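Before any comments, here is the structure.
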Amino acid sequence: MKSEPDSRIVDGKDVKFSITDLENAKEPEPWTGVRNYAARNNMQAMKKGELALFYHSNTKVPGVAGIMEIVEEATIDKTAFDPENPYYDPKSKREKPAWYCVSVTFRERFPRIISLHELRKHDTLSRMELFSKARLSVSRVTAEEFHFIASLKDMEDEVIDYFPQT
DNA sequence: GCCAACGTTGGC
DNA sequence: GCCAACGTTGGC
């Protein structure tokens, strides 16, 4: 699940949300603002208790920053009804909502960012939806991909360069 | 229902 | 800031 860790102003509102922001959150965070049907469908498929990768996008070193947990399954994304919200969508009506969001909580921050560049080097990850549908803000991750990425967190980049996981 | 034009995402 | 990839819109 992608989020932008750097400040960016959309309609006068800062849309930045980093893994630090999630770590500091006192309440479960509703993953609002997703306005793409495939990404929405992926959120609607999520079950309570499942884990998700927190991905930093649109930043100097894009990549996976850590892990979060789905604590509430998809519910109506009410930000779509709010004209003041940067992700307001007049097509989504209260009587027929178009957009949904899950709620997540912080689980773990990786000791380093597993960069997109690094993810691309591993054959195990070559079929990730992150690459084939690169513009989706919520994409599918298989259990194998998830565990493989989590296993990279304690390795140094240089070590990986010497011993590629192929 | 086709598809050209347009808009958005996000890496680089 | 550029632009490739691709989703959305709307005229026909």
Side-chain angles (χ1 to χ4, degrees), chain A residues 1-23 29-46 52-68 70 74 76-104 106 109-142 145-146 148-150 152-153 155-158 160-161 164-166:
Chain A
M1 300 175 76
K2 299 180 185 175
S3 185
E4 301 186 35
D6 302 331
S7 286
R8 188 166 66 85
I9 306 302
V10 178
D11 287 353
K13 305 250 167 52
D14 194 347
V15 298
K16 156 188 133 76
F17 190 76
S18 69
I19 193 155
T20 304
D21 294 322
L22 181 63
E23 189 171 10
E29 184 71 22
W31 206 261
T32 57
V34 172
R35 300 291 179 263
N36 170 286
Y37 291 104
R40 179 205 66 182
N41 293 347
N42 284 337
M43 273 200 293
Q44 288 181 314
M46 293 175 181
L53 298 170
F54 192 116
Y55 181 94
H56 280 174
S57 70
N58 208 8
T59 187
K60 187 159 182 207
V61 181
V64 179
I67 295 174
M68 53 197 178
I70 310 305
I76 294 165
D77 181 350
K78 296 191 175 122
T79 66
F81 306 141
D82 175 10
E84 299 299 305
N85 191 280
Y87 299 113
Y88 171 61
D89 181 2
K91 292 193 308 307
S92 187
K93 309 285 191 201
R94 286 180 188 277
E95 59 274 20
K96 196 172 189 292
W99 305 119
Y100 287 75
C101 58
V102 296
S103 288
V104 301
F106 175 86
R109 170 200 295 275
F110 289 163
R112 64 191 187 87
I113 297 286
I114 316 287
S115 70
L116 176 63
H117 173 78
E118 181 177 341
L119 297 175
R120 286 191 197 284
K121 290 194 287 195
H122 298 288
D123 281 356
T124 309
L125 305 177
S126 62
R127 296 182 208 242
M128 282 193 79
E129 202 171 73
L130 176 67
F131 307 140
S132 59
K133 298 180 183 174
R135 290 172 315 138
L136 274 194
S137 64
V138 180
S139 62
R140 292 163 59 100
V141 179
T142 67
E145 290 161 351
F146 186 96
F148 185 85
I149 291 169
L152 296 173
K153 68 186 181 187
M155 297 187 196
E156 297 297 332
D157 245 335
E158 312 85 81
I160 291 153
D161 281 333
Q165 309 274 312
T166 54

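Letters go in sequence order (proteins before strands), and every chain restarts at 1. What you are looking at is a predicted structure, and each value in this text was computed from that prediction instead of being measured.
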Salt bridge (charged side-chain N to carboxylate O under 4.0 Å, His left out) pairs touching residues 10-19 of chain A, sequence neighbours excluded, are A/K16-A/D21
What one should report as the nearest heavy-atom pair of A/A150 and A/F110 is CA-CZ, 4.1 Å
Closest approach of A/V15 and A/P86, non-hydrogen atoms and distance?
CG1-CG, 4.4 Å
When all nucleic acid strands are considered with a 4.0 Å heavy-atom cut-off, which category describes A/K91: base, sugar-phosphate, or nothing?
sugar-phosphate
How does protein reach along nucleotides 7-12 of chain B, written 5' to 3' as B (base within reach of a heavy atom under 4.0 Å), S (only sugar-phosphate), or - (no contact)?
BBBSSS
For the CZ atom of A/F148 and the CG atom of A/L125, what is their distance to the nearest 0.5 Å?
5.0 Å
Passing candidate, side chain to side chain contact (heavy atoms under 4.5 Å, CB included) with A/M1, options A/Y55, A/W31, A/F54:
A/W31
